[in-house]
Amino acid sequence: MNSKRVIFHVDMDAFYASVEIRENSDLENKPVVVGVGPNVEKFKGVVSTASYKAREYGIKAGIPLIQAYNKCKDIVIMPARISYYKEVSNNIMEILKKYSDKFQQISIDEAYLDVSKRIEDYDSIENLVNKIKEEILNNEGLTCSIGVGPNKSIAKIASGFKKPSGVTIINSDKIRKFLDPLPVKTIPGVGKKTKKLLAKRGIEKIKDLIKLSKSDLISLLGKAGGKIYDIAIGRESSEVKPRGPRKSLGFIRSFESSTDDIKKIKEKIKELSKSIIKKIQADDFQFRTMSIIIRFDDFSVITRSNSLTHHTNDYKVLIKNVIDLFDKVYDNEKRKIKRIGVRVSNLTKSSLKQEILSKYFE
DNA sequence: GGGGGAAGGATTCC
DNA sequence: TCATGGAATCCTTCCCCC
Ligand SMILES: Nc1ncnc2c1ncn2[C@@H]1O[C@H](COP(=O)(O)OP(=O)(O)OP(=O)(O)O)[C@@H](O)[C@H]1O
Ligand SMILES: [Mg+2]
(Lines give C-alpha, C1' and ligand atoms only; values in the text may rest on other atoms or scores of the structure.)
(Ligands and ions follow the chains in the order given, each with its own letter.)
Protein backbone atom coordinates (compact mmCIF):
# COMPACT_ATOMS: atom_id res chain seq x y z
CA MET A 1 0.00 0.00 0.00
CA ASN A 2 1.42 3.35 -1.09
CA SER A 3 0.41 6.39 0.96
CA LYS A 4 1.85 8.95 -1.45
CA ARG A 5 -0.79 11.33 -2.66
CA VAL A 6 -1.20 13.55 -5.68
CA ILE A 7 -3.15 16.70 -4.86
CA PHE A 8 -4.28 19.40 -7.28
CA HIS A 9 -5.11 22.94 -6.25
CA VAL A 10 -7.16 24.73 -8.89
CA ASP A 11 -7.50 28.52 -8.66
CA MET A 12 -9.29 30.68 -11.20
CA ASP A 13 -7.39 33.66 -12.64
CA ALA A 14 -8.62 37.13 -11.58
CA PHE A 15 -11.94 35.39 -11.15
CA TYR A 16 -14.59 38.13 -10.89
CA ALA A 17 -12.81 40.34 -13.43
CA SER A 18 -12.41 37.44 -15.85
CA VAL A 19 -16.14 36.73 -15.68
CA GLU A 20 -16.90 40.39 -16.46
CA ILE A 21 -14.47 40.34 -19.40
CA ARG A 22 -16.04 37.12 -20.68
CA GLU A 23 -19.45 38.85 -20.64
CA ASN A 24 -18.20 41.90 -22.54
CA SER A 25 -15.46 41.42 -25.10
CA ASP A 26 -14.84 45.18 -25.23
CA LEU A 27 -13.09 44.73 -21.90
CA GLU A 28 -10.47 42.32 -23.25
CA ASN A 29 -6.93 43.46 -22.50
CA LYS A 30 -8.26 46.45 -20.57
CA PRO A 31 -7.44 47.29 -16.98
CA VAL A 32 -10.66 45.98 -15.41
CA VAL A 33 -11.50 46.28 -11.76
CA VAL A 34 -14.41 44.72 -9.91
CA GLY A 35 -15.45 47.03 -7.10
CA VAL A 36 -17.41 46.54 -3.88
CA GLY A 37 -18.61 49.06 -1.36
CA PRO A 38 -21.29 51.62 -0.60
CA ASN A 39 -21.06 53.51 -3.89
CA VAL A 40 -18.77 52.02 -6.48
CA GLU A 41 -19.77 54.59 -9.13
CA LYS A 42 -18.47 57.38 -6.93
CA PHE A 43 -15.32 55.47 -6.06
CA LYS A 44 -16.57 54.75 -2.56
CA GLY A 45 -15.37 51.22 -2.02
CA VAL A 46 -12.44 48.96 -2.72
CA VAL A 47 -11.07 46.70 -5.41
CA SER A 48 -12.38 43.16 -5.06
CA THR A 49 -10.14 41.97 -7.85
CA ALA A 50 -8.23 43.42 -10.76
CA SER A 51 -7.54 41.99 -14.21
CA TYR A 52 -3.92 41.17 -14.95
CA LYS A 53 -3.70 44.27 -17.15
CA ALA A 54 -4.82 46.40 -14.19
CA ARG A 55 -2.28 44.64 -11.95
CA GLU A 56 0.50 46.09 -14.11
CA TYR A 57 -0.36 49.45 -12.53
CA GLY A 58 -0.15 48.11 -9.00
CA ILE A 59 -3.91 47.74 -8.68
CA LYS A 60 -4.91 44.78 -6.51
CA ALA A 61 -7.62 43.47 -4.19
CA GLY A 62 -8.26 45.58 -1.12
CA ILE A 63 -7.07 48.98 -2.26
CA PRO A 64 -9.56 51.88 -2.34
CA LEU A 65 -11.17 52.48 -5.73
CA ILE A 66 -10.01 56.07 -5.72
CA GLN A 67 -6.41 54.90 -5.37
CA ALA A 68 -6.91 52.43 -8.19
CA TYR A 69 -8.20 55.26 -10.36
CA ASN A 70 -5.22 57.43 -9.49
CA LYS A 71 -2.89 54.64 -10.53
CA CYS A 72 -4.61 54.30 -13.89
CA LYS A 73 -7.24 56.72 -15.22
CA ASP A 74 -8.25 54.23 -17.90
CA ILE A 75 -9.57 51.56 -15.52
CA VAL A 76 -13.01 50.16 -16.13
CA ILE A 77 -14.78 49.62 -12.82
CA MET A 78 -17.55 47.03 -12.71
CA PRO A 79 -19.74 46.69 -9.63
CA ALA A 80 -19.55 43.13 -8.25
CA ARG A 81 -22.36 40.68 -9.17
CA ILE A 82 -21.57 38.03 -6.60
CA SER A 83 -24.64 35.85 -7.19
CA TYR A 84 -23.76 35.57 -10.85
CA TYR A 85 -20.13 34.69 -10.08
CA LYS A 86 -21.52 32.07 -7.72
CA GLU A 87 -23.43 30.45 -10.59
CA VAL A 88 -20.33 30.39 -12.74
CA SER A 89 -18.42 28.96 -9.80
CA ASN A 90 -20.95 26.15 -9.40
CA ASN A 91 -20.49 25.15 -13.04
CA ILE A 92 -16.73 25.05 -12.62
CA MET A 93 -16.90 23.04 -9.41
CA GLU A 94 -19.05 20.43 -11.15
CA ILE A 95 -16.34 20.04 -13.78
CA LEU A 96 -13.61 19.67 -11.15
CA LYS A 97 -15.56 17.05 -9.18
CA LYS A 98 -15.69 14.79 -12.21
CA TYR A 99 -11.91 14.58 -12.33
CA SER A 100 -11.25 13.78 -8.68
CA ASP A 101 -11.86 10.99 -6.20
CA LYS A 102 -11.93 13.40 -3.27
CA PHE A 103 -12.99 17.00 -3.66
CA GLN A 104 -12.85 20.04 -1.38
CA GLN A 105 -14.12 23.45 -2.39
CA ILE A 106 -12.19 26.15 -0.53
CA SER A 107 -13.78 29.33 -1.80
CA ILE A 108 -15.78 30.68 -4.70
CA ASP A 109 -12.86 30.13 -7.06
CA GLU A 110 -10.62 27.43 -5.55
CA ALA A 111 -10.70 23.75 -4.84
CA TYR A 112 -8.50 20.83 -3.90
CA LEU A 113 -8.66 17.58 -5.83
CA ASP A 114 -7.20 14.32 -4.59
CA VAL A 115 -6.37 12.53 -7.83
CA SER A 116 -3.94 9.94 -6.44
CA LYS A 117 -5.85 7.01 -7.88
CA ARG A 118 -5.88 8.51 -11.38
CA ILE A 119 -2.14 9.11 -11.64
CA GLU A 120 0.60 6.64 -12.58
CA ASP A 121 3.40 8.87 -13.81
CA TYR A 122 4.40 12.42 -14.64
CA ASP A 123 2.75 12.29 -18.05
CA SER A 124 -0.59 11.34 -16.59
CA ILE A 125 -0.39 14.39 -14.30
CA GLU A 126 0.16 16.67 -17.28
CA ASN A 127 -2.62 15.01 -19.22
CA LEU A 128 -5.10 15.42 -16.40
CA VAL A 129 -4.12 19.04 -15.73
CA ASN A 130 -4.52 19.92 -19.39
CA LYS A 131 -7.86 18.15 -19.64
CA ILE A 132 -9.23 20.13 -16.70
CA LYS A 133 -7.95 23.44 -18.03
CA GLU A 134 -9.37 22.64 -21.46
CA GLU A 135 -12.82 21.81 -20.20
CA ILE A 136 -13.07 24.93 -18.04
CA LEU A 137 -11.93 27.07 -20.97
CA ASN A 138 -14.30 25.42 -23.45
CA ASN A 139 -17.35 25.33 -21.19
CA GLU A 140 -16.91 28.59 -19.29
CA GLY A 141 -14.42 30.63 -21.29
CA LEU A 142 -12.18 31.11 -18.28
CA THR A 143 -8.59 30.27 -17.39
CA CYS A 144 -7.22 28.87 -14.18
CA SER A 145 -3.90 28.02 -12.61
CA ILE A 146 -3.15 24.60 -11.20
CA GLY A 147 -0.65 23.52 -8.59
CA VAL A 148 0.26 19.88 -8.07
CA GLY A 149 1.96 18.50 -5.00
CA PRO A 150 2.14 15.67 -2.47
CA ASN A 151 -0.06 17.59 -0.02
CA LYS A 152 -2.64 20.39 -0.04
CA SER A 153 -0.36 23.18 1.10
CA ILE A 154 2.31 22.50 -1.50
CA ALA A 155 -0.37 22.25 -4.18
CA LYS A 156 -1.79 25.59 -3.07
CA ILE A 157 1.53 27.38 -2.93
CA ALA A 158 2.35 25.88 -6.33
CA SER A 159 -0.87 27.13 -7.93
CA GLY A 160 0.06 30.67 -6.94
CA PHE A 161 3.61 30.29 -8.23
CA LYS A 162 2.81 30.79 -11.89
CA LYS A 163 -0.24 32.86 -12.79
CA PRO A 164 -2.30 33.43 -14.85
CA SER A 165 -3.01 30.17 -16.62
CA GLY A 166 0.03 28.50 -15.07
CA VAL A 167 0.81 24.94 -14.13
CA THR A 168 3.34 24.11 -11.41
CA ILE A 169 4.12 20.53 -10.49
CA ILE A 170 6.21 19.85 -7.40
CA ASN A 171 7.59 16.36 -7.00
CA SER A 172 8.34 15.06 -3.51
CA ASP A 173 12.08 15.24 -4.13
CA LYS A 174 11.85 18.93 -5.13
CA ILE A 175 10.03 20.19 -2.05
CA ARG A 176 13.02 21.90 -0.43
CA LYS A 177 14.23 23.42 -3.66
CA PHE A 178 10.73 24.85 -4.16
CA LEU A 179 9.91 26.05 -0.64
CA ASP A 180 13.26 27.24 0.73
CA PRO A 181 13.59 30.53 -1.18
CA LEU A 182 9.93 31.56 -0.84
CA PRO A 183 9.00 34.39 1.55
CA VAL A 184 7.22 33.22 4.73
CA LYS A 185 4.13 35.19 3.70
CA THR A 186 3.59 32.60 0.94
CA ILE A 187 2.51 30.10 3.57
CA PRO A 188 -1.27 30.05 4.07
CA GLY A 189 -1.86 31.30 7.60
CA VAL A 190 1.06 33.71 7.60
CA GLY A 191 -0.50 37.13 7.13
CA LYS A 192 0.59 40.69 7.81
CA LYS A 193 1.00 40.35 11.57
CA THR A 194 2.75 37.01 11.59
CA LYS A 195 5.10 38.10 8.84
CA LYS A 196 6.08 41.11 10.91
CA LEU A 197 6.53 39.09 14.05
CA LEU A 198 8.83 36.67 12.22
CA ALA A 199 10.72 39.46 10.45
CA LYS A 200 11.55 40.93 13.84
CA ARG A 201 13.45 37.72 14.50
CA GLY A 202 15.20 37.75 11.15
CA ILE A 203 12.93 35.12 9.66
CA GLU A 204 11.97 36.09 6.13
CA LYS A 205 12.26 32.99 3.98
CA ILE A 206 10.84 29.54 4.53
CA LYS A 207 14.36 28.22 4.88
CA ASP A 208 14.82 30.50 7.92
CA LEU A 209 11.57 29.25 9.37
CA ILE A 210 12.59 25.60 9.44
CA LYS A 211 15.64 26.37 11.56
CA LEU A 212 13.24 26.77 14.47
CA SER A 213 11.77 23.74 16.17
CA LYS A 214 8.07 23.05 16.04
CA SER A 215 7.72 23.80 19.76
CA ASP A 216 9.52 27.14 19.30
CA LEU A 217 7.01 28.10 16.67
CA ILE A 218 4.08 26.94 18.79
CA SER A 219 5.19 29.01 21.78
CA LEU A 220 5.64 31.96 19.42
CA LEU A 221 2.44 31.68 17.40
CA GLY A 222 0.22 29.23 19.25
CA LYS A 223 -1.62 26.50 17.44
CA ALA A 224 -1.09 28.28 14.12
CA GLY A 225 2.67 27.91 14.64
CA GLY A 226 2.39 24.15 14.55
CA LYS A 227 0.52 24.23 11.27
CA ILE A 228 2.93 26.71 9.76
CA TYR A 229 5.85 24.50 10.77
CA ASP A 230 4.33 21.42 9.16
CA ILE A 231 3.72 23.34 5.95
CA ALA A 232 7.26 24.73 5.96
CA ILE A 233 8.87 21.30 6.27
CA GLY A 234 6.55 20.02 3.54
CA ARG A 235 4.83 17.48 5.76
CA GLU A 236 1.36 18.91 6.15
CA SER A 237 -0.94 15.93 5.73
CA SER A 238 -4.58 17.05 6.07
CA GLU A 239 -7.09 15.13 3.96
CA VAL A 240 -9.02 16.45 1.00
CA LYS A 241 -12.50 16.34 2.48
CA PRO A 242 -15.86 17.79 1.50
CA ARG A 243 -16.90 21.11 2.99
CA GLY A 244 -18.98 20.85 6.14
CA PRO A 245 -22.16 22.84 6.75
CA ARG A 246 -21.81 26.59 7.23
CA LYS A 247 -21.19 27.78 10.79
CA SER A 248 -22.36 31.38 10.55
CA LEU A 249 -24.14 33.76 8.22
CA GLY A 250 -24.32 37.51 8.19
CA PHE A 251 -24.30 40.80 6.34
CA ILE A 252 -22.34 44.00 6.79
CA ARG A 253 -22.94 47.38 5.14
CA SER A 254 -20.85 50.51 5.12
CA PHE A 255 -22.35 53.96 5.05
CA GLU A 256 -21.07 56.34 2.40
CA SER A 257 -19.99 58.54 5.25
CA SER A 258 -19.97 57.93 8.98
CA THR A 259 -23.23 58.65 10.75
CA ASP A 260 -24.75 59.06 14.20
CA ASP A 261 -28.31 59.06 12.88
CA ILE A 262 -29.73 56.35 15.15
CA LYS A 263 -32.82 55.96 13.04
CA LYS A 264 -30.84 55.37 9.89
CA ILE A 265 -28.56 52.88 11.64
CA LYS A 266 -31.48 50.94 13.11
CA GLU A 267 -33.17 50.83 9.72
CA LYS A 268 -30.01 49.30 8.33
CA ILE A 269 -29.88 46.76 11.14
CA LYS A 270 -33.45 45.73 10.35
CA GLU A 271 -32.70 45.48 6.66
CA LEU A 272 -29.66 43.28 7.30
CA SER A 273 -31.66 41.12 9.71
CA LYS A 274 -34.39 40.68 7.14
CA SER A 275 -31.85 39.46 4.60
CA ILE A 276 -30.48 36.98 7.11
CA ILE A 277 -33.91 35.59 7.91
CA LYS A 278 -34.72 35.26 4.23
CA LYS A 279 -31.58 33.29 3.64
CA ILE A 280 -31.72 31.01 6.66
CA GLN A 281 -35.35 30.19 5.96
CA ALA A 282 -34.55 29.41 2.35
CA ASP A 283 -31.61 27.23 3.40
CA ASP A 284 -33.63 25.67 6.22
CA PHE A 285 -31.35 26.77 9.05
CA GLN A 286 -32.00 27.98 12.58
CA PHE A 287 -29.67 30.03 14.76
CA ARG A 288 -29.01 30.38 18.46
CA THR A 289 -26.46 33.21 18.64
CA MET A 290 -26.86 36.74 17.26
CA SER A 291 -24.12 39.34 16.88
CA ILE A 292 -23.77 42.90 15.75
CA ILE A 293 -20.53 44.26 14.36
CA ILE A 294 -19.80 47.98 14.46
CA ARG A 295 -16.94 49.84 12.85
CA PHE A 296 -16.58 53.41 14.12
CA ASP A 297 -15.22 56.33 12.16
CA ASP A 298 -11.83 55.83 13.83
CA PHE A 299 -11.89 52.34 12.29
CA SER A 300 -12.01 50.49 15.56
CA VAL A 301 -14.36 47.50 15.54
CA ILE A 302 -16.51 46.03 18.26
CA THR A 303 -18.81 43.02 18.28
CA ARG A 304 -21.63 42.33 20.71
CA SER A 305 -23.47 39.04 20.86
CA ASN A 306 -25.95 37.03 22.83
CA SER A 307 -27.27 33.50 22.74
CA LEU A 308 -30.74 32.06 23.10
CA THR A 309 -31.61 28.86 24.95
CA HIS A 310 -33.30 27.44 21.86
CA HIS A 311 -32.72 27.67 18.14
CA THR A 312 -35.04 29.86 16.10
CA ASN A 313 -35.48 31.36 12.66
CA ASP A 314 -37.84 34.11 13.76
CA TYR A 315 -37.46 37.65 12.48
CA LYS A 316 -38.98 39.29 15.55
CA VAL A 317 -36.61 37.48 17.89
CA LEU A 318 -33.60 38.49 15.83
CA ILE A 319 -34.64 42.12 15.58
CA LYS A 320 -35.38 42.50 19.24
CA ASN A 321 -32.06 41.03 20.27
CA VAL A 322 -29.84 42.88 17.83
CA ILE A 323 -31.56 46.21 18.49
CA ASP A 324 -31.08 45.62 22.21
CA LEU A 325 -27.42 44.89 21.62
CA PHE A 326 -27.12 48.08 19.63
CA ASP A 327 -28.91 50.20 22.24
CA LYS A 328 -26.54 48.96 24.92
CA VAL A 329 -23.53 50.04 22.86
CA TYR A 330 -24.95 53.38 21.82
CA ASP A 331 -26.01 54.28 25.34
CA ASN A 332 -22.90 56.38 25.91
CA GLU A 333 -21.09 56.36 22.62
CA LYS A 334 -19.87 59.51 20.90
CA ARG A 335 -18.14 58.12 17.84
CA LYS A 336 -19.93 58.01 14.52
CA ILE A 337 -20.54 54.70 12.80
CA LYS A 338 -18.99 53.81 9.46
CA ARG A 339 -20.18 50.25 9.12
CA ILE A 340 -22.80 48.04 10.71
CA GLY A 341 -23.28 44.29 10.51
CA VAL A 342 -25.53 41.52 11.79
CA ARG A 343 -24.49 37.89 11.99
CA VAL A 344 -26.05 34.68 13.30
CA SER A 345 -24.18 31.57 14.38
CA ASN A 346 -24.64 28.31 16.28
CA LEU A 347 -26.64 27.07 13.30
CA THR A 348 -28.60 23.85 12.94
CA LYS A 349 -30.75 22.43 10.18
CA SER A 350 -34.40 23.07 11.03
CA SER A 351 -36.19 20.09 9.60
CA LEU A 352 -33.62 17.34 9.65
CA LYS A 353 -33.68 15.57 12.98
CA GLN A 354 -30.47 15.78 14.92
CA GLU A 355 -30.09 12.01 14.92
CA ILE A 356 -26.49 11.85 16.05
CA LEU A 357 -26.99 13.94 19.15
CA SER A 358 -30.48 12.83 20.07
CA LYS A 359 -29.38 9.19 20.19
CA TYR A 360 -27.40 9.90 23.32
CA PHE A 361 -30.40 11.33 25.11
CA GLU A 362 -32.88 8.55 24.61
C1' DG B 1 -8.18 22.50 38.97
C1' DG B 2 -10.58 22.03 35.11
C1' DG B 3 -14.65 21.10 31.93
C1' DG B 4 -17.56 23.68 29.14
C1' DG B 5 -19.68 27.46 27.28
C1' DA B 6 -20.36 32.38 26.36
C1' DA B 7 -18.45 36.72 24.90
C1' DG B 8 -15.17 39.72 22.67
C1' DG B 9 -11.16 40.58 20.08
C1' DA B 10 -7.59 39.44 16.58
C1' DT B 11 -6.04 37.46 12.49
C1' DT B 12 -6.43 35.42 8.15
C1' DC B 13 -8.40 34.10 3.91
C1' DC B 14 -10.76 35.10 -0.68
C1' DT C 1 -5.82 60.32 1.48
C1' DC C 2 -8.31 56.10 1.29
C1' DA C 3 -10.00 52.25 3.98
C1' DT C 4 -15.66 46.00 1.23
C1' DG C 5 -17.97 42.10 2.55
C1' DG C 6 -18.46 37.03 3.90
C1' DA C 7 -16.57 33.57 6.67
C1' DA C 8 -13.43 30.64 9.61
C1' DT C 9 -10.39 29.92 13.40
C1' DC C 10 -7.88 31.02 17.31
C1' DC C 11 -6.88 33.34 21.83
C1' DT C 12 -8.17 35.28 26.28
C1' DT C 13 -11.24 36.21 29.87
C1' DC C 14 -15.09 35.37 32.48
C1' DC C 15 -18.47 32.50 34.61
C1' DC C 16 -20.92 28.34 36.50
C1' DC C 17 -20.13 24.33 38.62
C1' DC C 18 -18.24 19.99 40.07
N1 LIG D 1 -9.88 41.36 -0.35
C2 LIG D 1 -10.95 40.90 -1.02
N3 LIG D 1 -12.15 41.46 -0.86
C4 LIG D 1 -13.22 41.01 -1.51
N5 LIG D 1 -13.21 40.02 -2.39
C6 LIG D 1 -12.04 39.44 -2.63
C7 LIG D 1 -10.85 39.84 -1.96
N8 LIG D 1 -9.84 39.06 -2.38
C9 LIG D 1 -10.37 38.23 -3.29
N10 LIG D 1 -11.70 38.44 -3.45
C11 LIG D 1 -12.60 37.77 -4.40
O12 LIG D 1 -12.39 36.37 -4.47
C13 LIG D 1 -12.05 35.98 -5.80
C14 LIG D 1 -10.94 34.97 -5.78
O15 LIG D 1 -9.83 35.44 -5.06
P16 LIG D 1 -8.36 35.14 -5.49
O17 LIG D 1 -7.49 35.45 -4.31
O18 LIG D 1 -8.26 33.78 -6.05
O19 LIG D 1 -8.01 36.23 -6.57
P20 LIG D 1 -8.35 36.22 -8.12
O21 LIG D 1 -9.12 37.44 -8.41
O22 LIG D 1 -8.98 34.95 -8.54
O23 LIG D 1 -6.92 36.41 -8.76
P24 LIG D 1 -5.76 35.33 -8.90
O25 LIG D 1 -5.54 35.19 -10.36
O26 LIG D 1 -4.59 35.94 -8.19
O27 LIG D 1 -6.23 34.06 -8.26
C28 LIG D 1 -11.61 37.23 -6.52
O29 LIG D 1 -11.89 37.26 -7.87
C30 LIG D 1 -12.22 38.31 -5.72
O31 LIG D 1 -12.88 39.30 -6.27
MG1 LIG E 1 -8.20 33.06 -8.03
Side-chain angles (χ1 to χ4, degrees), chain A residues 9 11-17 33-40 42-50 59-71 77 79-83 85-86 89 105-111 153 156-157 159-160 184-197 218-228 243-258 272 275-276 279 288-309 321 325 328-329 338-347:
Chain A
H9 180 260
D11 186 332
M12 302 305 296
D13 300 323
F15 184 51
Y16 296 178
V33 153
V34 174
V36 286
N39 195 337
V40 167
K42 285 199 273 184
F43 296 150
K44 290 208 157 282
V46 303
V47 173
S48 176
T49 195
I59 298 169
K60 57 183 182 181
I63 72 168
L65 290 171
I66 189 70
Q67 277 180 20
Y69 175 74
N70 287 334
K71 285 175 188 290
I77 301 182
R81 297 185 280 166
I82 308 285
S83 49
Y85 310 144
K86 183 83 188 102
S89 168
Q105 183 174 351
I106 292 300
S107 73
I108 194 164
D109 88 322
E110 289 174 58
S153 302
K156 177 159 171 103
I157 294 169
S159 77
V184 290
K185 179 85 173 51
T186 324
I187 294 178
V190 177
K192 234 177 101 160
K193 299 281 178 179
T194 309
K195 177 189 145 117
K196 199 165 171 196
L197 195 148
I218 290 175
S219 47
L220 215 56
L221 306 172
K223 206 169 167 173
K227 288 186 188 172
I228 289 165
R243 256 221 291 230
R246 72 156 73 242
K247 299 195 163 85
S248 70
L249 184 164
F251 293 102
I252 300 186
R253 287 290 167 269
S254 295
F255 297 107
E256 273 192 54
S257 52
S258 305
L272 297 167
S275 308
I276 289 175
K279 191 149 175 195
R288 203 166 63 76
T289 302
M290 299 148 289
S291 319
I292 58 167
I293 303 99
I294 300 173
R295 169 175 272 169
F296 296 103
D297 54 2
D298 64 1
F299 263 72
S300 58
V301 177
I302 62 161
T303 68
R304 291 293 177 268
S305 63
N306 70 14
S307 298
L308 307 166
T309 52
N321 281 274
L325 288 170
K328 260 188 259 170
V329 172
K338 170 67 178 159
R339 205 173 179 212
I340 182 85
V342 180
R343 185 150 210 100
V344 296
S345 52
N346 261 308
L347 305 181

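Here is the naming used below: chain letters follow the sequence lines, and residue numbers restart at 1 for every chain.
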Margin query: Classify A:F299 by what it touches in the nucleic acid, base, sugar-phosphate, or nothing, heavy-atom distance under 4.0 Å.
Written below: base
Item checked: B:dT12 to C:dT4 separation - C1' atoms, rounded to the nearest Å -> 16 Å
Next item on the list: Classify the nucleic acid contact of A:K195 as base, sugar-phosphate or nothing, counting any heavy atom under 4.0 Å across all strands shown.
Entry: nothing
Item checked: Between A:N346 and A:T289: side-chain donor-acceptor atoms closer than 3.5 Å -> yes
Margin query: Tell me which one of A:V33, A:V47, A:V46 satisfies side chain to side chain contact (heavy atoms under 4.5 Å, CB included) with A:I63.
Written below: A:V47
Note to self: Classify A:K86 by what it touches in the nucleic acid, base, sugar-phosphate, or nothing, heavy-atom distance under 4.0 Å.
What the structure shows: nothing
Next item on the list: List the atom of A:R304, the atom of A:L325, and the distance in Å for their closest heavy-atom pair.
Entry: O-CD1, 3.5 Å
Margin query: Please report the distance, rounded to the nearest Å, between NZ in A:K185 and P in B:dT11.
Written below: 14 Å
Checklist line | Leading and trailing nucleotides of DNA chain C with any atom under 4.0 Å from heavy atoms of chain A | finding: C:dT1 to C:dC11
Checklist line | B:dC14 OP1/OP2 closer than 4.0 Å to side-chain N/O of A:S48 | finding: no
Checklist line | From A:V301, A:I252, A:I294, residue fulfilling side chain to side chain contact (heavy atoms under 4.5 Å, CB included) relative to A:R339 | finding: A:I252
Check: Just how far, in rounded Å, is C1' of B:dA6 from CG of A:N306?
Finding: 10 Å
Note to self: Whole angstroms only, please: what is the CD1-C1' distance between A:I187 and B:dC13?
What the structure shows: 15 Å
Margin query: Using whole Å, what does the distance between atom P of nucleotide B:dG8 and atom CZ of A:R343 come to?
Written below: 16 Å
Margin query: Output the rounded distance in Å from NZ (A:K192) to P (B:dT12).
Written below: 9 Å
Note to self: Taking any heavy-atom pair under 4.0 Å as a contact, classify A:L249: base, sugar-phosphate, or nothing.
What the structure shows: sugar-phosphate
Note to self: I'd like to know if the side chain of A:K338 and the backbone of A:F255 have a donor-acceptor N/O pair within less than 3.5 Å.
What the structure shows: yes
Notebook entry, point to check: Using a cut-off of 4.0 Å on non-hydrogen atoms, how would the nucleic acid contact of A:D109 be classed: base, sugar-phosphate, or nothing?
Noted result: sugar-phosphate
Check: Under a 4.5 Å cut-off applied to non-hydrogen side-chain atoms, are A:K156 and A:P188 in contact?
Finding: yes
Check: Between A:Y85 (OH) and B:dC14 (C1'), how many Å, whole number?
Finding: 14 Å
Note to self: Quick check on DNA chain C: between A:Y16 and A:K247, whose nearest nucleotide comes earlier from the 5' end?
What the structure shows: A:Y16
Next item on the list: Rounded to the nearest angstrom, tell me the gap between atom CD1 in A:I228 and atom C1' in B:dC13.
Entry: 13 Å
Check: What is the distance from NZ of A:K227 to C1' of B:dT11, rounded to the nearest Å?
Finding: 13 Å
Next item on the list: Could you tell me whether A:K196 atom NZ has more than 12 heavy atoms of other residues or ligands within 6.0 Å of it?
Entry: no
Note to self: Within the 4.0 Å heavy-atom criterion, would you say A:T49 contacts the bases, only the backbone, or no part of the nucleic acid?
What the structure shows: nothing
Notebook entry, point to check: At under 4.0 Å between heavy atoms, what does A:I302 touch on the DNA or RNA strands: base, sugar-phosphate, or nothing?
Noted result: sugar-phosphate
Check: Looking across every strand, which nucleic acid part, if any, lies under 4.0 Å from A:V47 by heavy atom: base, sugar-phosphate, or nothing?
Finding: nothing
Next item on the list: Could you pick out which residue, A:S248 or A:L65, lies toward the 5' side of DNA chain C when each is mapped onto its nearest nucleotide?
Entry: A:L65
Check: Which listed nucleotide (B:dT11, B:dG9, B:dA6) is nearest to the side chain of A:T303?
Finding: B:dG9
Next item on the list: Quick one: label A:R243 by what it contacts on the DNA or RNA (base, sugar-phosphate, nothing), any heavy atom closer than 4.0 Å.
Entry: nothing
Notebook entry, point to check: Just by distance, do the side chain of A:R288 and the backbone of A:L308 share a donor-acceptor pair under 3.5 Å?
Noted result: yes
Checklist line | OP1 or OP2 of B:dA7 under 4.0 Å from side-chain N/O of A:S307 | finding: yes
Next item on the list: Using a heavy-atom cut-off of under 4.0 Å over every strand shown, decide if A:R339 touches base, sugar-phosphate, or nothing.
Entry: base
Next item on the list: Verify, without hydrogens or angle tests, whether A:S254 (side chain) and A:P38 (backbone) share a donor-acceptor contact under 3.5 angstrom.
Entry: no
